[in-house]
Amino acid sequence: MEAEARVNERQSTDDSFLQKILPYAELIAAAVSGILILAGWLLGKNGLVAASVTSYLAAFLIGGFAKAKEGIEATIEDKELNVEMLMVFAAIGSAIIGYWAEGAILIFIFAVSGALETYTMNKSHKEISSLMELQPEEALLITSSGERKVRVSELAVGDAILVKPGERVPADGIIDKGQSSIDQAAITGESIPVIKGFRDEVFAGTVNLTGAITVKVTKASNETLFHKIIQLVQSAQSEKSPSQLFIERFEGRYVKVVLVVVALMMIVPHFALGWSWQESFYRAMILLVVASPCALVASIMPATLSAISNGARHGILVKGGVHLENLSNLNAIAFDKTGTLTKGKPEVTEFVIGEGFSESDLLWKTASVENQSNHPLAKAIVGFAKNRFEKEMIQPDKMEDMPGWGISAEIGGESWKIGKAGFIGEGAALLGSERAERLAAQGNTLVYISVDGVPAGMLALKDVVREKAMAAIGELAQEGVYTVMLTGDSETTAKAIAAESGVDEYFAECLPEEKVDKLKGLMNRFNTVAMVGDGINDAPALATANVGIAMGEGTDVALETADIVLMKNDLPKIAEAIRLSRRMNRIIKQNVVFSILVIMVLIASNFLQVLDLPYGVIGHEGSTILVILNSLRLLRS
């Protein structure tokens, strides 16, 4: 039995190891191919020709297997030749005329680019599984015989379910009984929990914080708002960019033209120009080598990787060259509010003390009461108090939480109330209604304090704008980029934050699907639009935008969905990324024009019979080296 257990354990370990390296299989094959090319070159230098050719042949097979297999399968499926097949033919042509090293290098370059593409595609599907983990699998169904757990997929419209404090709401519905604070950050991005009671709507994936509620299901599990977020992400990721569609259309034509010209060059010059069969075949093979897109590939990939490395060194993580390229064409950028333009958690912005009360004593006792709660506003008040003085909190003699209103407590014989103005009573107006209206208009949430029925003070709390947000908006304006804020917050809060941050336009009270609609409207107006966000609710918009940008401290879903991640939440880095993108595109254009001109000169020289194979290889590979060196300039800051 022990031996069998050891065998099973070893098998499990082996399977686990294979699963870990499988996504890197193409990259490993390309690396091995590169090592074999180096070995073949060293063997050839030492006169071991047979061993050198064997090493190059192994590099052909190992490095080119994946792309050759992909090219053959695509050719059979689409009934059309592709660039993968052209690269294979060019490598074989190099080998036929005795240039094994050049053919192997061609395969190696193509294998590396294919491996990076495959790895990126594998990574792009992880956010869906991350989203699914936040959807509860079970719900507590209320029946005539009591409560029982059922799978969420079994719930039907009209079912009543019980959601306890601390649990995620398993389905969209309306509250039939009870009252509680609901954290809707996963859906709306609202930083402060919302008080919900009878007949109020709740969404699957949100968190019930304080009281038990009975929810009447209004939508099936495959029709919930949370499920729609998943569908929106999947839909956006399946859409191909215009440049990608252009390349796919261009591939077949380019391959056909090159192969037709090569075939004609094997035959036509013999009859039309009197070339020998050997000369015709020799010139055709040179054409196949010099016409291969090796230099064009080198024009783009090294420049892209250099720019990505530069960005990573400065805290800008780019998941692919196409996203960095798109930044240079950016005309507008949409920001989520909570956690992006703002810090994502409330802070005390103002403390008003009633006449006859001590500031330190009032704040100390208020914080002592709020210290018993886990509500985000309570935590902000406690944090504010701790920054003002170092004094141990006291334990209230008696305390009662009134969901939706506030907290009542007794401290040393005094009756305390902390909460909404209506909870304190009419006396709250004595604290200054004009001041309260001004603070509310600025997006603050107001918390009132009374002691023995006498208005004692007021705290204003707000999700404050990040220190660097205004600087970032200013830099983007200098780059000619139009800025927009999309938020699930109220009109009042959105207007205040928009004015403070300096964005050009804002849209308030947006659910995730509405953010996508607004974003599509912006894309119609400005063509190329980026989206910056940090929450689950931002995932569909991040996936829909031409470029999705996530904050480094955001949710896993936002980080996986986004195309670019700001590792240190440094918003001004967006403008820096745009400048890097424009510089990269300039260098790529230089490389592409240069490499095309070299290929044209080599083809013309070959046809005029003034280009021998060694010079063709030097010109072809030399142009590749030059464009790579030009690309490496992007590594400099």
Side-chain angles (χ1 to χ4, degrees), residues 131 134-230 338 346 373-378 400-408 418-423 445 447 487-493 508-514 535-537:
L131 277 172
L134 296 175
Q135 171 72 60
E137 295 182 359
E138 294 183 328
L140 201 57
L141 179 65
I142 300 174
T143 64
S144 56
S145 58
E147 303 165 1
R148 64 185 177 90
K149 282 189 176 182
V150 298
R151 296 190 65 81
V152 171
S153 58
E154 297 175 14
L155 293 176
V157 174
D159 283 346
I161 54 177
L162 177 64
V163 185
K164 298 178 181 179
E167 293 182 342
R168 287 190 180 272
V169 178
D172 285 8
I174 56 173
I175 297 178
D176 201 39
K177 184 180 179 182
Q179 187 178 35
S180 181
S181 295
I182 306 293
D183 181 358
Q184 297 192 141
I187 298 296
T188 66
E190 182 80 38
S191 58
I192 298 175
V194 179
I195 303 300
K196 300 217 173 185
F198 183 66
R199 304 299 297 173
D200 285 336
E201 189 176 16
V202 292
F203 303 108
T206 58
V207 182
N208 178 25
L209 295 177
T210 53
I213 53 175
T214 300
V215 176
K216 187 176 181 180
V217 178
T218 56
K219 293 180 182 176
S221 61
N222 61 348
E223 296 178 353
T224 64
L225 188 62
F226 198 84
H227 188 76
K228 285 181 181 178
I229 292 177
I230 297 172
T338 306
S373 172
N374 287 322
H375 194 284
L377 293 179
E400 184 180 1
D401 191 358
M402 310 289 286
W405 292 99
I407 299 175
S408 60
I418 306 171
K420 291 183 176 179
F423 182 55
T445 298
V447 176
T487 178
D489 277 349
S490 65
E491 175 72 21
T492 301
T493 301
E509 300 175 359
C510 296
L511 290 173
E513 55 189 352
E514 292 172 330
I536 298 169
N537 61 297

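Keep in mind that what you see is a predicted model, and the values were worked out from it rather than measured.
One distance of note links NZ of Lys196 with CD1 of Ile213; it measures 9.5 Å at 0.5 Å rounding. Atom CG in Asp200 sits 8.5 Å away from atom CD in Gln179 (nearest 0.5 Å). Residue Asn208 holds its CG atom at 8.5 Å from OG of Ser181, rounded to the nearest 0.5 Å. Within the model, atoms CG of Leu140 and CD of Glu147 stand 4.5 Å from one another, a figure rounded to the nearest 0.5 Å.
In this structure a side-chain-to-backbone donor-acceptor pair under 3.5 Å is missing from Asp172 to Lys219. A distance-only check finds no donor-acceptor pair linking the side chain of Ser180 to the backbone of Ala212 [under 3.5 Å].
Minimum heavy-atom separation, Pro193 to Leu209: CG-CD1, 3.4 Å. The heavy-atom pair separating Glu491 from Glu509 by the smallest distance is N-OE2, 3.7 Å. Across Pro170 and Pro136, no two heavy atoms sit closer than the pair CA-CG, 3.9 Å. Across all their heavy atoms, Pro165 and Gly211 have their closest contact at CG-C, 3.8 Å. In plain terms, the two heavy atoms of Asp159 and Glu154 that are nearest each other are OD2-O, 4.4 Å. Nearest approach of Arg199 to Ile174, heavy atoms of both residues: NH1-CD1, 3.1 Å.
Taking a 6.0 Å sphere around CD of Glu137, one finds it holds 12 or fewer heavy atoms contributed by other residues, nucleotides or ligands.
Tested against Ile142, the residues Ile161, Val215, Thr214 include a single side chain to side chain contact (heavy atoms under 4.5 Å, CB included) partner, Thr214.
The closest side-chain heavy-atom distance from Glu167 to Val207 is not below 4.5 Å.
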Please walk me through it: do Leu162 and Lys164 pass side-chain contact (heavy atoms from CB on, under 4.5 Å)?
CA-CA 6 Å; Leu162 177 64; Lys164 298 178 181 179; 4.1 Å; yes

